[in-house]
Amino acid sequence: MDAAVSVGGVRVQGFPSRIGRRYRRDMINRPRRSVLYMPATNAKAIAKARALPCDVVILDLEDAVAPDAKAAGREAALAAVREGGFGGRELVVRVNAIDGPWGMDDCRALAMVKPDAVLVPKVDDARGVGAYRDALGDLPIWVMVETMRAVLGIGELAGAERLAALVVGTNDLAKEMRARPGPDRAPFQGFLANTVAAARANGLAAIDGVYNAIDDVDGFAAECAQGLAFGFDGKTLIHPSQITTCNSVFSPTADEIAWAQTVVAAFDAPEAADKGVIRIEGRMVERLHLDQARQVLAIAAAL
């Protein structure tokens, strides 16, 4: 069942309650502002992640783990999932490619311990998702959008069964494109928008790519703001120092929450029961704006 919550006295439907460490495909209102990658082999970092203010922790078995440490990384990730202690944070594990020497073992092992989701790399299309789905049992799947084929077929990819999120892999895309994106990420803008559109069309979360310059605070804040403008739910992070800024940018503002409360209250009034459009504080507001307002309040309540 969806949990009912109250924000400023306005009753709204929150995100679905967790059942058996799983979440439903339509949990679009769950906060996923800050999505932090952590090497699965770094026990100290994983212990620290349990207390960090990020919304999602991704234990990485792929890029962050050297070939000779893959087995050890897998065991460390399994141990972290079993131990738990991540509180309200979603715990996701990024596996190695399933057609490589480690990916199938990663998937089969994770299917037994059941993290909140599994992030899968180098997927081109829905058929590629199917290979992981067969190995992962009933686990929700997040997909890296990091190949040219994935970008060109994003609508078909996003419609694959049991997906929960699309995660943009901007570093891999830049490599494949031979692109040199600047601060405005001009070469990426078309497929960033397409990725968000495909996610929304299929009830998925949409997570923006990483920002590599850890010490460039202003540049990072600007890219977070750009991601918010595109409609992303949040951003993948490579360092804990990026969490606070990311959370701030992707959280509803006080003005947005107050307006959402006003919209919900206005449509809840008896005189608005049969109206599709009403006037609120000099603005014409439709019921589609009511849906947006309820989403803002659900996110605010979850935070």
Criterion side chain to side chain contact (heavy atoms under 4.5 Å, CB included) on Arg89 and Val56, from CA distance to verdict: CA-CA 5 Å; Arg89 302 163 193 82; Val56 184; over 6 Å; no
Candidate pair Leu52 and Leu36, rule side chain to side chain contact (heavy atoms under 4.5 Å, CB included), full reasoning: CA-CA 10 Å; Leu52 291 174; Leu36 179 65; 3.6 Å; yes
With sequence neighbours excluded, tell me which residues meet side chain to side chain contact (heavy atoms under 4.5 Å, CB included) with [X].
X	result
Glu83	Arg50
Arg149	Asp124, Thr147
Val277	Met284, Glu286
Glu256	Pro252, Thr253

Exceeds 12 heavy-atom contacts within 6.0 angstrom, atom CG of Asp215: no
Atom CZ of Arg127: over 12 foreign heavy atoms under 6.0 Å: no
Pairs flagged by ring-ring contact (aromatic ring centres under 6.0 Å, His included) wherever residues 235-258 is involved - sequence neighbours left out: none
All pairs passing ring-ring contact (aromatic ring centres under 6.0 Å, His included) where residues 175-205 contributes a residue, at least two apart: Phe188-Phe191
So, the side chain of [X] versus the backbone of [Y]: is there a donor-acceptor pair under 3.5 Å, distance only?
X	Y	result
Glu156	Asp125	no
Glu146	Lys122	yes
Glu75	Ala71	no
Arg74	Ala109	no
Arg30	Ile299	no
Asp116	Leu91	yes
Arg94	Val118	no

Linked, directly or transitively: Met177 and Ile154 (ILVMFWY side chains, under 4.5 Å): yes
Do [X] and [Y] have side chains that approach each other closer than 4.5 Å (heavy atoms only, starting at C-beta)?
X	Y	result
Val92	Val57	no
Asn194	Val151	no
Leu297	Ile257	yes
Asp60	Val65	no
Trp142	Val35	yes
Thr195	Arg200	no
Val143	Leu119	no
Gln242	Ile238	yes

Could you report the tightest heavy-atom contact between [X] and [Y], atom names first, then the distance?
X	Y	result
Gly73	Thr41	CA-CG2, 3.6 Å
Gly128	Val123	C-CG1, 4.1 Å
Val263	Leu290	CG1-CA, 3.9 Å
Ala266	Ile278	CB-CD1, 3.7 Å
Gly209	Thr236	C-OG1, 3.1 Å
Tyr211	Asp216	OH-OD2, 2.7 Å

Salt bridge (charged side-chain N to carboxylate O under 4.0 Å, His left out) against Arg33, all qualifying residues, sequence neighbours excluded: Asp55
Could you state the interatomic distance from [atom1] ([X]) to [atom2] ([Y]), rounded to the nearest 0.5 Å?
X	Y	atom1	atom2	result
Arg287	Asp291	CZ	CG	9.0 Å
Leu157	Asn202	CG	CG	9.5 Å
Phe267	Arg294	CZ	CZ	9.0 Å

Worked verdict on Lys114 versus Asp138 for salt bridge (Lys or Arg N to Asp or Glu O under 4.0 Å): CA-CA 9 Å; Lys114 298 191 181 305; Asp138 62 354; 2.9 Å; yes
Pairs meeting criterion side chain to side chain donor-acceptor pair (under 3.5 Å) with involvement of residues 269-285, two or more places apart: none
Show me, pair by pair, the donor-acceptor contacts under 3.5 angstrom made by side chains of residues 220-228, not counting sequence neighbours?
| from | atom 1 | to | atom 2 | distance (Å) |
| --- | --- | --- | --- | --- |
| Glu223 | OE2 | Lys235 | NZ | 2.9 |
| Gln226 | OE1 | Arg185 | NE | 2.7 |
| Gln226 | OE1 | Arg185 | NH2 | 2.9 |
| Gln226 | NE2 | Asp184 | O | 2.7 |

With Ser34, the side chain to side chain contact (heavy atoms under 4.5 Å, CB included) member among Ser251, Pro240, Cys54: Cys54
Worked check of side chain to side chain contact (heavy atoms under 4.5 Å, CB included) between Leu78 and Arg82: CA-CA 6 Å; Leu78 296 175; Arg82 291 191 190 101; 3.7 Å; yes
Co-members of Leu152 in a cluster of I, L, V, M, F, W and Y side chains, linked at under 4.5 Å: none
Derivation and outcome, side chain to side chain contact (heavy atoms under 4.5 Å, CB included), residues Ser241 and Ile214: CA-CA 8 Å; Ser241 64; Ile214 297 171; 3.8 Å; yes
Pairs of donor and acceptor atoms involving the side chains of residues 95-105, under 3.5 Å and at least two apart or interchain, shall be tabulated with distances.
| from | atom 1 | to | atom 2 | distance (Å) |
| --- | --- | --- | --- | --- |
| Asn96 | OD1 | Lys70 | NZ | 2.7 |
| Asn96 | ND2 | Leu61 | O | 3.1 |
| Asn96 | ND2 | Asp106 | OD2 | 2.8 |

Taking distance alone, no hydrogens or angles, what donor-acceptor pairs closer than 3.5 Å link side-chain atoms of residues 163-174 to residues at least two apart or in another chain?
| from | atom 1 | to | atom 2 | distance (Å) |
| --- | --- | --- | --- | --- |
| Asn171 | OD1 | Asn212 | ND2 | 2.9 |
| Asn171 | ND2 | Asn212 | OD1 | 3.1 |

